[in-house]
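Single-structure report; data block below.
All chains are named by letter (A, B, ...) in the order of the sequence lines, taking the proteins before the strands, and each is independently numbered beginning at 1. Keep in mind that the numbers below use all heavy atoms, side chains included, and drop hydrogens, waters and symmetry copies.
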Amino acid sequence: MDFDLSDEQRMLDDGARRFIAQRYDLTARRRSVESVGGFSRDIWKTFAQLGWLDVNQPVDLMVMMERLGHGLVVEPYLANVALAGGLLERTGDPAMLLPRLGAGEVQLAAAIAEPQARFDLHDIVTQAKPTSDGWLLSGAKTLVLNAPNADWLVVVARTSGALRDASGLSLFLVPAKAAGVEIRPIRTQDDFPAGDVRLTDVVVGKGALLGARDEALPTLQRVVDGAMMADAAYALGCMDYLVAATADYLKTRKQFGKPLATFQVLQHRLVQMHAALEEARSLVIGGTLALDDEDAAERLAAVSSAKVQVNQAARLIGQEAIQMHGGIGMTDALIVGNYYKRLLSVSTLFGDTDHHLGRLADKIAA
Amino acid sequence: MDFDLSDEQRMLDDGARRFIAQRYDLTARRRSVESVGGFSRDIWKTFAQLGWLDVNQPVDLMVMMERLGHGLVVEPYLANVALAGGLLERTGDPAMLLPRLGAGEVQLAAAIAEPQARFDLHDIVTQAKPTSDGWLLSGAKTLVLNAPNADWLVVVARTSGALRDASGLSLFLVPAKAAGVEIRPIRTQDDFPAGDVRLTDVVVGKGALLGARDEALPTLQRVVDGAMMADAAYALGCMDYLVAATADYLKTRKQFGKPLATFQVLQHRLVQMHAALEEARSLVIGGTLALDDEDAAERLAAVSSAKVQVNQAARLIGQEAIQMHGGIGMTDALIVGNYYKRLLSVSTLFGDTDHHLGRLADKIAA
Amino acid sequence: MNLKETAEDRAFRLAVREFVQRELPADIRKHNEEGWEPEKDEMARWHRILARQGWLAPSWPKDYGGTGWTLMQRHIFEEECALNYCPPVHIFNIAMIGPILIEYGTEAQKQRYLPKILDVEEWWCQGYSEPDAGSDLAALKTDARLEGDHYIVNGTKVWTSLAHWATHIFCLVRTKKDGKPQEGISFLLMDMTARGTSIQPIPTLNGQHIFNQVVFENVRVPKENLIHRENEGWTVAKSLLDHERLFLARVGDNKKRLQRLKDIARKELAHGKPLIEHDWFRRKLAQYEVRVRALDLTVLRFIAKADSGQGLDPSVTMLKLAGTELLQDLLQETVDALGYYGLPFQQHGIANDELAPPFGPEHAIGASNARFRSRAFTIAGGGSEIQHNIMAKHLLK
Amino acid sequence: MNLKETAEDRAFRLAVREFVQRELPADIRKHNEEGWEPEKDEMARWHRILARQGWLAPSWPKDYGGTGWTLMQRHIFEEECALNYCPPVHIFNIAMIGPILIEYGTEAQKQRYLPKILDVEEWWCQGYSEPDAGSDLAALKTDARLEGDHYIVNGTKVWTSLAHWATHIFCLVRTKKDGKPQEGISFLLMDMTARGTSIQPIPTLNGQHIFNQVVFENVRVPKENLIHRENEGWTVAKSLLDHERLFLARVGDNKKRLQRLKDIARKELAHGKPLIEHDWFRRKLAQYEVRVRALDLTVLRFIAKADSGQGLDPSVTMLKLAGTELLQDLLQETVDALGYYGLPFQQHGIANDELAPPFGPEHAIGASNARFRSRAFTIAGGGSEIQHNIMAKHLLK
């Protein structure tokens, strides 16, 4: 048993750490948020040059995402690399997009969730009907991360079966500019570009099918589990930042003539934040390393446990950081609020606590 | 709207308060526990003389029980007056036992719960078969409060329908000494006499039926709701004692050269104990006053809400009292542990938190 | 004991309900229902409607335009307003400076200011907090130096809610630097348009403009704007009616937010059926029902006690704690019920902005914002930690 | 990174498992499984079995009879013992006085005492706490005055766990009254049979005899029983191996108690079907699974770090907090799963007493007792408040 990073992983970690320290201060981050599409094309190019857009091994991704989370990076890494990239990776990438993703030349988005589906991956209304020379896609997707920037969409659609059937789902590669694709852009509360996507009789060729027809769910589940752990690692970075920032604030801020750090109630609450973070860290490592486990039950237990703990820790740490910073924590002046908002999104994305407790509960042997 | 006691209720309250202060110190209580049957016949006689065994109005019972709880009185008041007495009261008391109960001349016990039933009143296996001149009862009851002392048992049995049917239940008055009645005595963790009761072909006459045949459940439910609120009031007394005892301990006990009361963490936790108690008090008043409400849905909402809050407050206050007293709280030397044990029993008796949250959840309109 | 509303109170409740349902403009109701803070214009319109009815300042003495209601009536009024999605009244006008003027103001001060509040002409804000004096007011530094007939005021106030709406500000300033920190504080009324006064918005983490920083540079304040005596402003600031604490539990808000959560749970799906049909979700609702009921009855208990002349229960401090935490939990639960529709940034006022269009079902629009806003409830007005300290002092005295 | 157990560790685990399953007497296993504390006789029998195998004191250096295991092996051993319901070893012997003798004892002291521990002949208890010195050890007052070759000891120790089993007690005593409170403390080995030593049981709230009060009246202790130097007993008491803190999380206990809770939930009914078939109960189990898994992995993380020479993670303090609270919750949940069968008073040792016969299904018998006992876990050995203080000091340094 060994919890140490390999030399390459350590280099990745150091590199990302250096990048954040040197290139991604508050001003740079704000500039990214305010850029067209909500991220900096320059920084994205740098990511490509550093080889970060080729990362796909679970532990590498965990290392990378924790660093990005610590810097609260808004560039659409999760959407491109973990989600859409992960789906292409596992379905053979017939259009050879991964090298272009690695070079920073294309932007991708995975259109998975639907308005009625909540967090169920198999709750899919969107239809793909076979035509003589391809497919006709129709349906609606919601909160598609990076949709407004995407050149290509990876779309989950139903090719057979009834709503909520586990089989009958297929993946399609759809040009974002295709006729009948309508993207309604929004920004998430934590400053990421996203959008609703409506598909109306979108025509794609036979080659648009990714992977085996009707059998997309297992692939989708594994990629989403992976993206979930990647986002959980991002949350570790955020929580690590907040626990340290709160400790610093308690040491410097005075009230009633004494540093806040001398108030025992705040001390104990800081300890609870820290403990929640450390337990989350253990489970994210466990979940990440289970992603390649062939035992589906153990995989589910490991990733959903990690997700539950991260969601709960994210809420606790985010809310306590705000509360313990007091008024200033409620403002945009301090970045603490931005971390809190990101942590709230993490705690919903890919399933909230109730969803994953339910998933774990369903698997307990009666 | 008025939360004040009537003059008579205030007199009852004062009388009980005086009795506890003058007659029921730790030594007296221990003497009761160690008496045959686990209570003092002398004290019981005094209760009768003071008219306390005739109490049956909800608010009177609440007042009385809170005082008994504050003194951690072990005399079997709940079993006799609230439970068995309540059932007789609502079924016309054909055997004229209530006056004798009021005079302290008989001991009663209500045999309600069954081993498989958990907290469901209608989950009844015990059978009562009609014979030419009465009934034949067979079955098993568990945790029958006051069973070892009882002269008479009020037994819930099935006269028709299947296990867990709401209708088909009837109430019977059974002499504890009747042939075929076997009582296995135990003491509860909080020092109350109780027992398992096994009925094997117990013969009773036609007159043993209490109330309408097959239709006992609504009566049973109302009496149990009433007993539940009475026991909740007892818990208020216990919690009131513990919050005050903990505050006193914090003020007097020193650690690291300072009174415990100066530690902010303990201060804030004491505040949470107090708040939990005050909310419980509000809901117990609400539940008690709803007992006579004709609207069954409102009655259920009021009593189950009170029960949930009392159960939760009982756990919080009991555990925190032990924790904040430290080592001495874990011992039999201090009565704090006895209050804690009683509060744990309260939080199970008549249904734990999960049971009552489920009851409330079932009634939410979809 | 009797928990039934008296016939009089019941009639009063129905009258209030009938009034607010009839008079509250539909657009204001909708805006509030969605979870947005009221705009100034909405507040002003609603204030005028209440003023016409004589209900704008129920807590003031009758002679000054109040209603003479019992606390129970006041509670019923507040609850019915909240349940029907009325915007709150401007507390700095009604609950703070009004009562202070009535208790400590000179006749001239009362004549000058009170009518303008009831006429909805002047808007006040509160200048207490400073950059280095948050919950610890006694540490404040804003300096007021008497020169002839004027105080010359220099300093900075922060977290000044809605200063950008205000025509006036009531301030705690330091008029003496030696002695105990509390002793050198005075209470001044200031005109926001006075030369040397400037306002900087402090945007909240969810992009709202509520807080401000207010800077005074050599602002001249006529001596007659002093309230009570010089160096005794601490007494004035502390005098806020204890009874107001009965209304910090936000019972009505909590009730309506629970109701709205249920409504949303009937519409949002999980695993193919409405959220509210899932036992695990219903159990959460049940737990909220218990908390709302506990809060409600506790408030009623304390109000009945005060109305019957038995004084204010010292546990009244717990009401703000319980009520604000419950509201925070309910508002977060509401966002959670929305699933992915809880994630978009949606902001009123920039609703046509390309970055924050209304998104998702109508019931989702204001939920995220209301939740963020609610984090301030346990910080402002004496944070939860301070409330715990106060309560502990009482329990351990 | 790799969370698979190495082949060596796996083989070690299987060897331990095979050994304990083969060697642990069935009656001891059953008694522990039910949730009872071990009897002295059970502990002694199990100690002798471990001693024969050379596994009684794994943490001691090999030269003194230890095993030379890695921390990971030690962890696996502890976990397998717990999972198979072995009784714990007597910590005062193995984890406390043994390591202290090894670090601070003279050769003569080691020769005299260590073999008797490994032979399961002598039993120690710990004389630290006093009536007015609970978690605050420096306040202790027990007086030791040197007269010739003996210390004359007078004073009272409380919460002395299992003193009634002990042949010896290691004590902190005061040998100097001026100066800093920590500076005048010395560490003495004492014979429990020495004249002037008396024991009073302090029954626990659930009727168990665990704690005692030990009174010393002019007890004569040979000077050579002093450990380390006079007035430096504080250093000795504080020296307890940091690594022991890795094992305070009780991972094995927590795992087996969760397993047992599930087993019970398969047997106990609610609303006509097994508890475990209810979604609301399964969600509670799921939350416990998350907590157990988090604790387990965190312990493994810290152990792997220490074994690889990167030192002890300063967060190790959180392990006792998380592990003891989890165990308390699991044990209470187990009682709750029993419904009414959680209520009877059941006590081992007085099982034939008419007041406490075994009652209800077999799986119910020890549950209530184990739950009560567990309340002490967050009080003893540095209460949770102290652990929080220590951890906070580290985080805020």
* Find the one option among D:Leu275, D:Asn206, D:Asn369 whose heavy-atom pairs under 4.5 Å with chain B are most numerous. => D:Leu275
* chain B contact via D:Ala270 - side chain, backbone, both or neither, heavy atoms under 4.5 Å -> both
* Are D:Lys157 and D:Phe216 in a cation-pi setup, meaning NZ or CZ lies under 6.0 angstrom from the ring centre and within 45 degrees of the ring axis? -> no
* Asked: Considering only heavy atoms, which portion of B:Asp120 lies under 4.5 Å from any heavy atom of chain D: side chain, backbone, both, or neither?
  -> side chain
* Select one option (side chain, backbone, both, neither) describing which atoms of B:His355 are under 4.5 Å from chain D's heavy atoms. => side chain
* Proximity breakdown for D:Tyr341 and chain B, heavy-atom pairs closer than 4.5 Å -> side chain
* Identify which of B:Thr348, B:Asp354, B:Asp123 forms the greatest number of heavy-atom pairs closer than 4.5 Å to chain D. => B:Asp354
* Proximity breakdown for D:Ile210 and chain B, heavy-atom pairs closer than 4.5 Å -> neither
* Considering only heavy atoms, which portion of D:Gln208 lies under 4.5 Å from any heavy atom of chain B: side chain, backbone, both, or neither? -> neither
* Donor + acceptor pair across side chains of B:Ser345, B:Gln189 (<3.5 Å) -> yes
* Asked: Honestly, is D:Arg250 close enough over D:Phe377, meaning NZ or CZ under 6.0 Å from the six-membered ring centre and within 45° of the axis?
  -> yes
* **Contacting moiety of D:Tyr340, where chain B heavy atoms sit under 4.5 Å** => both
* **Side-chain touch B:Asn146/B:Leu78, heavy atoms, less than 4.5 angstrom** => no
* To do: Report yes or no: do B:Gln312 and B:Thr353 form a side-chain donor-acceptor pair below 3.5 Å?
  => no
* **B:Arg164, CZ: over 12 other non-hydrogen atoms inside 6.0 angstrom** => yes
* Donor-acceptor side-chain pairing of D:Arg371 and D:Ser368 below 3.5 angstrom -> yes
* Relative to chain B, which of D:Ala139, D:Ser384, D:Ala380, D:Pro203 shows the most heavy atom pairs under 4.5 Å? -> D:Pro203
* Structural part of B:Leu163 lying under 4.5 Å from a heavy atom of chain D -> neither
* Most heavy-atom pairs under 4.5 angstrom with chain D, which of B:Asp352, B:Ile322, B:Leu344? -> B:Leu344
* Structure fact -> Honestly, the part of B:Asp191 sitting under 4.5 Å from a heavy atom of chain D is neither
* Donor + acceptor pair across side chains of B:Glu320, B:Thr246 (<3.5 Å) -> no
* Asked: Relative to chain D, which segment of B:Pro115 carries a heavy atom at a distance below 4.5 Å: side chain, backbone, both, or neither?
  -> both
* Given that the side chain runs from C-beta out, which part of B:Leu266 has a heavy atom under 4.5 Å from chain D: side chain, backbone, both or neither? -> side chain
* To do: Using only heavy-atom distances, determine whether the side chains of D:Asn389 and D:Lys393 contain a donor-acceptor pair under 3.5 Å.
  => no
* **Close aromatic pair by centroid cut-off 6.0 Å: B:Phe39 and B:Phe192** => no
* Structure fact -> Looking only at B:Gly337, B:Pro148, B:Gly326, most heavy-atom pairs under 4.5 Å shared with chain D are made by B:Gly326
